[in-house]
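Inspection log for the structure reproduced underneath, given as structure tokens.
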Number of protein chains: 2
Amino acid sequence: MSTGTEAPRRTRIQQEKRELILEAALEVFSTNGFRGSTIDQIAEAAGMSKPNLLYYFRRKEDIHETLMQRLLDTWLAPLRELDDIGDPLTELRSYIRRKLEMARDFPRESRLFANEILQGAPRIMPLLAGELKTLVDEKAAVIRGWMRAGKIARTDPWHLIFSIWATTQHYADFDVQVRAVLGPNRGGDGRFEDAARFLEQLFLDGLKPKG
Amino acid sequence: MSTGTEAPRRTRIQQEKRELILEAALEVFSTNGFRGSTIDQIAEAAGMSKPNLLYYFRRKEDIHETLMQRLLDTWLAPLRELDDIGDPLTELRSYIRRKLEMARDFPRESRLFANEILQGAPRIMPLLAGELKTLVDEKAAVIRGWMRAGKIARTDPWHLIFSIWATTQHYADFDVQVRAVLGPNRGGDGRFEDAARFLEQLFLDGLKPKG
DNA sequence: CTAACGTTTGTCCAATCGGTCAAAAATTTG
DNA sequence: CAAATTTTTGACCGATTGGACAAACGTTAG
């Protein structure tokens with residue numbers, strides 16, 4: 001039985017080298033974008049010659065495609081974990097925390113994704129309108145349920161999710177700007193904890209002074 | 001007396017053609033990034049030949065640089081307007097509204113800026129650590145004053161500004177994703193009004209249900 | 001050993017890149 | 001008008017791009 005998308009059988013060397021290439025390509029693509037990156041750059045970062053790289057991935061696009069496919073799953077994992085069991089506010093708070101941790105620990109993945117979206121998502125548009133929309137709609141329904149039950153304030157669930165994505169990914173995608181503005185003191189390793197504290201307060205209480 | 005940065009005297013044709021080129025370059029750069037854009041693309045979008053374009057801008061970098069210089073001023077205008085006169089919550093609310101309007105009306109400018117930051121801001125790093133940091137520090141002091149006066153909740157002013165940037169610019173930079181997820185109905189022209197309503201509630205009251 | 005197979009590399013190619021240049025065309029100036 | 005100046009273009013250049021290919025190299029099985 002063939003699914004049509006099963007992975008070809010590979011030797012141990014092929015698996016290792018492909019991983020090496022994907023790691024190098026993540027570094028290069030995430031900082032230069034797809035068109036701004038060259039196969040030579042990736043090959044050099046992976047420590048091999050260009051023809052050798054092309055032996056493992058026949059086209060530049062194949063590398064990018066493989067990278068994006070893997071990315072989307074891990075990237076959406078935190079949202080998938082958001083479910084109905086447990087206290088809604090706690091659930092949302094830990095979703096925000098997880099997304100912020102991903103921005104801290106996987107900034108290259110975030111930037112790769114941002115680059116793709118910025119340029120109109122030419123290579124993953126179907127995934128956005130398909131898999132992603134389905135997942136978000138599903139979770140929006142969960143959130144809407146919490147609102148109806150009076151567990152959280154009534155508002156737009158979709159834009160709530162957008163705002164969580166925006167605020168957390170900002171610390172990966174705009175990292176240089178964040179560090180430049182915060183300066184050497186406040187822009188050090190502690191900036192993610194500061195961000196976590198701020199975001200928790202923002203999403204829970206907003207800015208109105210406590211009366 | 002020469003400042004060293006004064007604009008050269010230009011004919012009427014030069015002014016018009018330069019504007020035409022900058023408009024075309026904004027379109028191209030904002031969707032492909034600097035390295036991903038070609039002079040030919042810009043020339044074609046501007047309706048002229050490549051050598052003709054290079055008669056007005058001698059290098060590709062000159063176009064980008066001119067674009068970025070103009071951009072930063074208009075882009076930071078809303079933040080500059082944030083000042084101490086008037087009610088703090090109203091002041092912040094109108095800042096958020098203005099930023100969201102800019103994301104709606106000038107998405108290309110937002111994406112151009114995002115592209116530059118994403119790739120490590122190689123061409124505007126000094127501006128970030130200089131002019132931008134100075135401005136943000138200044139406004140952070142204003143916000144801190146409001147907190148001390150008990151007008152708004154105590155929190156981190158810098159991260160507050162980041163969160164406003166992130167949530168508003170998200171609707172320009174990630175527009176394709178936003179529309180894909182919202183779908184044809186909710187993703188129409190009304191999405192900015194929905195976003196405005198949501199953001200106002202988020203920043204003022206947060207998500208806790210009203211007791 | 002040798003044959004088969006998997007891996008690596010040097011060389012090459014057509015297309016595209018940013019940019020030059022001289023000459024033609026259009027415009028302004030006297 | 002004619003001369004001077006500005007604008008536009010076609011042809012061209014060296015460098016870089018993504019990718020092809022055959023030969024060389026390494027490894028493993030018989």
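Every chain is numbered from 1, with letters handed out A, B, ... down the list of sequences.
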At a cut-off of 3.5 Å, list every protein nitrogen or oxygen paired with a nitrogen or oxygen from nucleotides 25-27 of chain D, distance to 0.1 Å.
none

Exercise. Please state whether the rings of F113(B) and W75(B) are parallel, tilted or perpendicular, taking 30° and 60° as the class boundaries.
Key: tilted
Self-check item: Rounded interatomic separation in angstrom, taking CD1 from I21(A) and P from dT7(C)
Solution: 11 Å
Quiz item: dC12(D) P sits how many Å from I39(B) CD1, rounded?
Solution: 20 Å
Quiz item: In whole Å, what is the span from the CD atom of E44(B) to the C1' atom of dG18(C)?
Solution: 17 Å
Self-check item: Within-4.5 Å side-chain heavy-atom neighbours: R108(A) and L112(A)
Solution: no
Practice problem: Please step through side-chain hydrogen bond (donor to acceptor under 3.5 Å, both in side chains) for the pair D84(B) and W146(B), ending with a clear verdict. | Solution: CA-CA 8 Å; D84(B) 231 339; W146(B) 292 339; 2.9 Å; yes
Quiz item: Over how many whole Å does the gap from Y56(A) atom OH to dG6(C) atom P extend?
Solution: 12 Å
Exercise. Kindly indicate whether a cation-pi arrangement holds for R123(B) with F34(B), taking the cut-offs as under 6.0 Å to the six-membered ring centre and within 45° of the axis.
Key: yes
Quiz item: Nearest nucleotide by nearest heavy atom, which residue falls closer to the 5' end of DNA chain D, D40(A) or R58(A)?
Solution: D40(A)
Exercise. Among dG19(C), dC21(C), dT9(C), find the nucleotide with the atom closest to the side chain of K60(B).
Key: dG19(C)
Quiz item: Looking at dG18(D), dT8(C), dT20(C), which one has an atom nearest to any side-chain atom of K17(A)?
Solution: dT8(C)
Quiz prompt | Nearest-angstrom distance from the residue atom CG of L54(A) to P of dT11(C) | solution = 17 Å
Quiz item: Taking D156(B) as the fixed residue, which of R186(A), R197(A), Q201(A) is the one that meets the side-chain hydrogen bond (donor to acceptor under 3.5 Å, both in side chains) rule?
Solution: R186(A)
Quiz prompt | 5'-most by nearest nucleotide on DNA chain C - R35(A) or Y55(A) | solution = Y55(A)
Exercise. Output yes when at least one side-chain N/O atom of N52(B) is less than 4.0 Å from OP1 or OP2 of dT9(D), else no.
Key: yes
Practice problem: Evaluate the ring planes of F162(B) and H159(B), with Trp represented by its six-membered ring, and classify them as parallel (under 30°), tilted (30 to 60°) or perpendicular (over 60°). | Solution: perpendicular
Quiz prompt | Length of the line joining I42(B):CD1 and dC17(C):C1', which is rounded to integer Å | solution = 13 Å
Self-check item: S49(B) vs dT9(D): side-chain N/O to OP1/OP2 distance below 4.0 Å
Solution: yes
Exercise. Provide, to the nearest angstrom, the distance between the CD atom belonging to E16(A) and the P atom belonging to dT7(C).
Key: 11 Å
Quiz item: Does K50(A) make a side-chain donor-acceptor contact with the base of dG18(D), cut-off 3.5 Å?
Solution: yes
Quiz item: What is the distance, rounded to the nearest whole Å, between atom CD of Q14(A) and atom P of dG6(C)?
Solution: 8 Å
Quiz item: Is the cationic atom of R18(B) (NZ for Lys, CZ for Arg) positioned less than 6.0 Å from the six-membered ring centroid of F57(B) and within 45 degrees of its normal?
Solution: yes
